[in-house]
Structures are given as C-alpha cells and as structure tokens.
Amino acid sequence: MRVSRFLLSTVRETPAEAETISHQLMLRAGMIRKLAAGIYTWLPLGLRVLRKVEKIVREEMNRAGAQEVLMPAIQPAELWQESGRWDQYGPELLRLTDRHKRDFCFGPTHEEVITDLIRREIKSYRQLPANFYQIQMKFRDEIRPRFGVMRAREFLMKDAYSFHIDAASLEETYQQMHAAYSQIFQRVGLEFRPVAADTGSIGGSKSHEFHVLADSGEDAIAICSKCQYAANVELAQALPPMGKRAAPGKPMQTLDTPGQHSIEQVSKFLKVDPKQTLKTLLVKGTGGVIALVLRGDHELNEIKAAKLPQVVKPLVFVTPGEVELAAGCEPGSIGPVGLKIPVIADESAARLADFVCGANVSGKHLINVNWGRDAAEPIVMDIRKVVDGDPCPDASASQCSGVLSIRRGIEVGHIFQLGTKYSEAMQATVLDEAGQNVVMPMGCYGIGVSRVVAAAIEQNHDTNGILWPDSIAPFHLALVPIGYRKSAAVRETIDRLYAELTQAGFEVLLDDRDERPGVIFADMDLTGIPHRLVLGEKGLAKGMIEYKGRRDKQVRELPLEKILETMRENIKL
RNA sequence: CGGGGUGUAGCUCAGCCUGGUAGAGCACUUGCUUCGGGAGCAAGGGGCCGGAGGUUCAAAUCCUCUCACCCCGACCA
C-alpha cells in the first residue's frame, strides 16, 4: 500500500476527550473516529488491525472444532420474553419498534437466538456436542461508555455457544475453549491470565475471565507469585490466618475518641496499628439488621457478603438513622460489644485479641477488647477482599506457598458453563440413547475483539506511539524513501523493493508522500509498524539500506541485495 | 440517575468576569526557499461562537430553557 493512496489520518495533538493511552493513540494514529458516545468508525488503518485479531480468533475457533454462523443483530422481543430476559435486562438493552409496532432489540448477546435455532435443528444426541460461533457487532447501551473502543456501546465480539448431552461433555468443551483462548491471546502476543470469576447475572456455574494485564485495567485480579492461580478479587478466597487466637491480656477499657470516625483517624488518635482494630458495618439482613466485622486494614468483599444466607441481596448498607436504632450511636463508633443483632466476623477479625473497636457510644472506643470475654463469639466467615501479600489459596493437591499480588486487568474474554438456564426456559431438548427427552446443558464463550485491539495498545506503547506485536500490526513493514520525489534512483530502487517485498507476501506500507523525513518517521512510529526500512541517496550509493525494528534503539545497515532474506528472518508471516 | 465541567475554524485552545467589527497555534490551498526526526517566509481559504428564547441601541460575552460531549460516583457482558 502506498501512503499517497491510503487514508493515513494521523493527528499531532492529543484529542482532549481521550483519557487512556490506547484511546489517545488510536485517535492519533487514525485508527478510529467517534461518531457518537461509545460508537466508532474504524478507519482503514484500524480496521486492518481489527481484522487480524478476528482472523486469529476465527482460526483458533475453527481449529477447536467450532462452526461459524452469523446471526441477526436485530432480534424479536418474543425470544427474550421466552427466556425471561426481556424484563430482566434493563436499560442496557437497546429496544426498537418496527413499523408494525412489533418489539425488537439490538442484540447485546445471542443465547436466545442460538437456542431457538438449535432446538429446531438438533434432535439427536448423535449430533452433540456442537459449538457455534460468530464474530459480529453487538450493542449494549452502557451507562457510561469510556476509553474509546475499550468500553464502547457498539463493539465487535466473538461469541460462541455449545450444546451437550450431559455435564461431562460440557466440561470437556469448556476445557477446549479454555485452551483455545489461551492459544488466541498467546498468538496475539499479549501478557494475559485466565482468572476464576463470578458468573454474575448471566447465570451458570463455572466461569473464567481472560485478562490482559495492564495498569489501566478496570478489574482488580489476584495472581499468585508461584503457581498459575489467578482470581478476580471479588472471588479470591482469603485463607484463615495461621495459629490460634491469643488469650486475652489486659482488661477492657473505654476511651474518649471525640470526632474520630474512620479507622485511619482512630488508629492514629490511639496510636495503634489498624491491624489491631475492628471495623463494624451494618447491612440489611433477611431477619433485620446484621453486623459485618472486619479487621481495620481490610475491606469488605461485597460479593462474598451478598452470598451469605443471612444477608439480603443485593447488599444494602443501613442508613445512619438505622445505625442509631440498632447500635445506639453514630456510624463511626460501632463495635460488636453488647450488640443485640447477629454479628458475622471475617476470619482475620475473629482471630484478634486485645483489639480496638467502637463502643456503640458516639465519640467513644474500646481498647483491649476480646471475643468471648467482652463480646459474644461471632459467626466466622470469609467476607473480606484479599490484599497484596495474602497467602495463595490454590486448592490443588500440591500446597502452594506463594503469595498473592493484586494486579489490574482488562477483561478480553469470558467463558461460562451456563448449564440449562436457557435450554430449560426455551425447551431445547434432544433424544438420548434411550429415546428420552434431555434438556441440553450449554456453554457460552465470548471474546471482545475490538477490546483486544485497545488492550494490545495499553500493553505495547512508548512515548512515540504504538508498538504492535507482529501478529496484529496493520502492516509488517514500512518502506521509507528519503527524497522519493527528488531522486529517480531512490524512487526506482524503493519501488522495486516494494514490489519484491509485496510479492514475497509482506504487507508493506510505502511512504511515497512528499513529506519531510521527520514527518514520515513520526507517523511510522505513531502507527506502530513493527519494521522499518529507510533508503536515501547516500545509502543507495553504497548499496546499503537502513533497517530498524520499532522496538530497537539502534539502526542497522544492510546490503540492499540481502533485504528479502533478512526480512524473512525477522518477520514471521 | 447524582455531583462537577466543557461546547468558539478540521484539531488544541484564547476571548466571556467588565456587552461594542471573531482570534492564535497546528492543519489545509498557492508560491519561493528548505529537505535524515513533526521546516522558514509570504499570500490565501475556512465560523449562524452547540440550539431556542429573552434582556439590550448592541450578545460569543448577561439571563432562562434545551441538546451534546467529558470527568467522578453508582452500575456493568
């Protein structure tokens, strides 16, 4: 491709609307343009990258035995009413009405459509298992689209749905998809982790997210320093502390702590380590208000708490007025001593002795408090978020001695074992060996294709621009002539090189613009083309051409006649 | 949906407080010079100052309403 015939719409200044690096660089490099909030046009340069990601995904899905289909983007309301999601889904579902006043939605996902298709087409266990996928634009009316295509409303997604005769078959396909996803992200060239995840609103039993590790990621994940354990912080188990609770030492005492509410304030005021304090949170329970008690330096994991049978879901904190009623004080002074409501303590909190907590009197705290002696023994559960340095909870046979660190991740893939949630509601059944109707267990597997592009940039950039992995670069190679319009010798040589390299299967961008070299270099760096050849008259006279990898610091001089050979060594097609 | 902010040239922004002929840099067009890391000079083109009402002799500027976009929060496959 010649730049003179290619829409290379680079921008020197950083657009004000872009906050994250990937969003800024995608706009500056001329990959995308915004049409409306969360809705983007892919320009030629960006589309080349998107198509490459798509190609890798398609190849690996095919290799894993999945069959490609293409379902409608617009779906009739009836199907969603049948699964019950027409009412459940809420405003994120873009609803439409046609000229006959029939209700439709723009599909945010396709469980209903595929289940409807399969219940009509598949009738025998002999046709199972079967896995169908598509790569298609989805629309979810996000409350707050942001970060460009990272969290867009319209986005390209690969979604796959598998159907089975039993749970064992589902597990098998699930593992295949797990492997295929790992292969996909490896081929794209990203640092990623499969992460045990909460199944959330989509339902089902088992689920893994695939995260690209990047500091700008929106999700917190806990990963082990030694083993492959990785879990969403919402799900990561906090192991109970080692050893037994120490025996009570000193007698309990009440101290005035005027105006000291937060753990930070109280621990500073009383000169104690936050680890030696308790924080008490009051939430709505199924039978009235419940106290959740954590160690001062820990945070409540709301997902874990909401799963407790005593707690109403979703988790609701009580109002200051209700705190007053239940504890007899302001929210900053609650403690478990003398509370007449059920107390659920985190394992770490339950292990403390001689600790500090609120006195249930505004402006007062207790010191040297002990469970059993001063406060009733609590119900003990794991309700906190894991923190840096917690021991790895890996449950596998070999005891892992690693510690967890909290990293940020960008969710680029998610696989679920759905079970029979949709097939049951929509009566998707087949006949088994015995001629009995069986509801098919299902799996579903998503990859945010457009998000992968943004995630790749988050992980691969420098001050000059993007650093594409070879696998998804828009072009393999930039050919930069110095003085293309001035020097016939340079022009003829570079044109010949362009033809040869293109012939050899490389995707080459020849910058034949009448621009100053500085402009060309800046653009080639910004767009992130991984390999660059520069030819000027001086080099040509010596029969030499300059080569530089986008990540290299130094330029290398190569003999002209060795170019093809060297590029073949450097660039994997 | 709550809180905060911004809408002026293709882009980044100044002008608004204190009303009086709409600006800069970059980009674009033309010419000359320049030509190995975002050139210089000169001459140009380009605006319903987001939209609608109002106040005023006069509104980008003041007032009211509205729309869009951005940030924080809640929410989230």
Side-chain angles (χ1 to χ4, degrees), chain A residues 8-20 23-24 27-28 30 33-39 85 88-93 107-111 138-148 150-161 197-204 207-210 218-219 232 234 302-303 314-317 410-416 418 444-451 463-465 480-487 490 511 513-527 532-540 545-546 548 555 557:
Chain A
L8 189 70
S9 265
T10 55
V11 178
R12 190 180 308 193
E13 285 176 279
T14 303
E17 69 185 43
E19 206 195 356
T20 51
H23 190 192
Q24 291 171 0
L27 289 169
R28 286 192 51 209
R33 289 292 181 258
K34 186 173 74 175
L35 181 64
I39 301 178
R85 287 208 292 184
Q88 286 168 18
Y89 219 86
E92 203 178 311
L93 184 65
T109 176
H110 281 70
E111 282 83 4
K138 297 274 191 282
F139 192 95
R140 296 183 191 173
D141 201 352
E142 293 278 348
I143 298 172
R144 185 145 89 88
R146 56 186 136 175
F147 309 148
M150 187 84 85
R151 181 172 288 275
R153 293 195 292 173
E154 187 182 280
F155 59 100
L156 192 68
M157 181 172 180
K158 186 286 298 176
D159 49 326
Y161 308 89
D198 192 56
T199 48
S201 56
I202 200 158
S207 166
H208 282 84
E209 294 168 349
F210 284 75
E218 292 188 82
D219 295 300
N232 197 303
E234 307 291 4
E302 300 193 15
I303 303 280
L315 192 78
V316 186
F317 289 96
I410 299 165
E411 184 189 347
V412 290
H414 204 158
I415 58 178
F416 295 86
L418 286 177
C444 81
Y445 320 93
I447 288 180
V449 178
S450 42
R451 183 181 281 185
T463 51
N464 292 327
V480 181
I482 304 294
Y484 187 80
R485 308 281 165 116
K486 305 290 184 322
S487 163
V490 167
D511 201 332
R513 290 177 295 177
D514 189 18
E515 282 289 357
R516 305 169 68 80
V519 172
I520 295 179
F521 291 144
D523 275 350
M524 294 304 108
D525 284 350
L526 176 59
T527 51
R532 187 184 80 187
L533 289 169
V534 179
L535 182 70
E537 275 197 308
K538 276 179 262 172
L540 185 55
I545 190 166
E546 283 171 23
K548 182 176 170 295
V555 175
E557 289 228 309

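With hydrogens and angles left out, the side chain of A/R28 and the base of B/rG38 share a donor-acceptor pair within 3.5 Å. Checked by distance alone, A/E13 brings a side-chain donor or acceptor within 3.5 Å of a matching partner on the base of B/rG25. Judged by distance alone, with hydrogens and angles left aside, A/N464 brings no side-chain donor or acceptor close enough to the base of B/rG37 to form a pair under 3.5 Å. A donor N or O paired with an acceptor N or O is found under 3.5 Å between the base of B/rG37 and the side-chain atoms of A/R532. For a distance-only test at 3.5 Å, the side chain of A/E546 qualifies as a donor-acceptor partner of the base of B/rG36.
Comparing the C1' positions of B/rG37 and B/rA24 gives a spacing of 26 Å, expressed to the nearest Å. Rounded to whole Å, the P atom of B/rA9 lies 27 Å from the corresponding atom of B/rG4. Taking atom C1' in both B/rU21 and B/rA58, the straight-line distance is 12 Å, to the nearest Å. Taking atom P on both B/rA43 and B/rG25, the two are 12 Å apart, rounded to the nearest angstrom. Comparing the P positions of B/rA74 and B/rU61 gives an interatomic distance of 37 Å, to the nearest angstrom. The same atom, P, is picked in B/rG40 and in B/rC48; the two are 30 Å apart, to the nearest Å. For the C1' atoms, the distance from B/rG47 to B/rC62 is 22 Å, rounded to whole Å.
Pair check for B/rG10 finds B/rC26; Watson-Crick or G-U wobble, both atom distances under 3.5 Å. Here B/rG45 sits opposite no nucleotide as a Watson-Crick or G-U wobble pair (both hydrogen-bonding atom distances under 3.5 Å). Partner assigned to B/rA39 is B/rU33, using Watson-Crick or G-U wobble distances below 3.5 angstrom. The partner of B/rA77, taking Watson-Crick or G-U wobble pairs whose two distances both stay under 3.5 Å, does not exist in any strand shown. Look at B/rU64: its Watson-Crick or wobble partner, with both distances under 3.5 angstrom, is B/rA52.
In this structure, A/R140 does not reach the B/rC76 phosphate: none of its side-chain N or O atoms is under 4.0 Å from OP1 or OP2. Within the 4.0 Å cut-off from OP1 or OP2 of B/rC72, at least one side-chain nitrogen or oxygen of A/R144 is found. Between A/R146 and the phosphate of B/rC71, there is no side-chain N or O to OP1/OP2 separation shorter than 4.0 Å. Taking 4.0 angstrom as the limit, A/K34 places a side-chain polar atom (N or O) nearer than this to OP1 or OP2 of B/rC70.
Remark on RNA chain B: of its neighbouring residues A/F147 and A/I520, the 5'-side contact belongs to A/I520, judged by nearest-heavy-atom nucleotide. Projected onto RNA chain B by closest heavy-atom contact, A/M150 and A/G518 fall at different nucleotides, the more 5' of which corresponds to A/G518.
In this structure, A/R140 and A/M157 have side chains that are in contact, with non-hydrogen atoms separated by less than 4.5 Å. Side-chain contact check for A/V490 versus A/I482: every heavy-atom pair is 4.5 Å or farther apart. Side-chain contact check for A/D159 versus A/C444: every heavy-atom pair is 4.5 Å or farther apart. Annotation: side chain of A/T109 is in contact with side chain of A/R85 (closest heavy-atom distance under 4.5 Å).
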Begin with the C-alpha distance, continue with both residues' side-chain angles, and end with the deciding distance and a verdict on side chain to side chain contact (heavy atoms under 4.5 Å, CB included) for A/E92 and A/I143. CA-CA 7 Å; A/E92 203 178 311; A/I143 298 172; over 6 Å; no
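Ranking B/rG37, B/rC35, B/rC71 by closeness to the A/K486 side chain, first place goes to B/rC35. Between B/rA77, B/rA39, B/rA27, one nucleotide has an atom nearer to the side chain of A/F416 than all others, and that is B/rA77. Of the candidates B/rC71, B/rA77, B/rG38, the closest approach to any side-chain atom of A/R12 belongs to B/rG38. Checked against B/rA77, B/rG38, B/rG36, the side chain of A/E142 finds its nearest nucleotide in B/rA77. Relative to the side chain of A/R151, the nucleotides B/rU12, B/rC76, B/rC11 differ in distance, and B/rC76 lies closest. With B/rG38, B/rC72, B/rU12 as the candidates, the nucleotide lying closest to the side chain of A/L526 is B/rG38. The side chain of A/V534 has B/rG36 as its nearest neighbour among B/rC71, B/rG36, B/rA77.
In terms of modelled atom types and a separation under 3.5 Å, the side chain of A/K158 and the main chain of A/Y445 share a donor-acceptor contact. No side-chain donor-acceptor contact under 3.5 Å links A/R151 to the backbone of A/R144. A donor-acceptor pair under 3.5 Å is formed between the side chain of A/Q24 and the backbone N or O of A/A18.
The CD atom of A/E17 sits 17 Å away from the P atom of B/rU6 (whole-angstrom rounding). To the nearest angstrom, P of B/rC75 lies 9 Å from CD1 of A/I303. Remark: C1' of B/rC75 and CD of A/E218 are 12 Å apart, rounded to the nearest angstrom. As a whole-Å value, the separation of A/D514 CG from B/rU34 C1' is 12 Å. Between the CD atom of A/E19 and the P atom of B/rC71 there is a distance of 6 Å, given to the nearest Å. The distance from atom CZ of A/R516 to atom C1' of B/rU33 is 11 Å, rounded to the nearest whole Å. Taking atom CZ on A/R513 and atom P on B/rA27, their separation rounds to 13 Å, with Å as the unit. Distance A/H23 NE2 to B/rC71 C1': 14 Å, rounded to the nearest Å.
Residue contacts shown for A/D523 include a base, since a base heavy atom lies under 4.0 Å away. Using a 4.0 Å heavy-atom criterion, one finds that A/R485 contacts no nucleic acid atom at all. Within 4.0 Å (heavy atoms only), A/G536 reaches at least one base atom of the nucleic acid.
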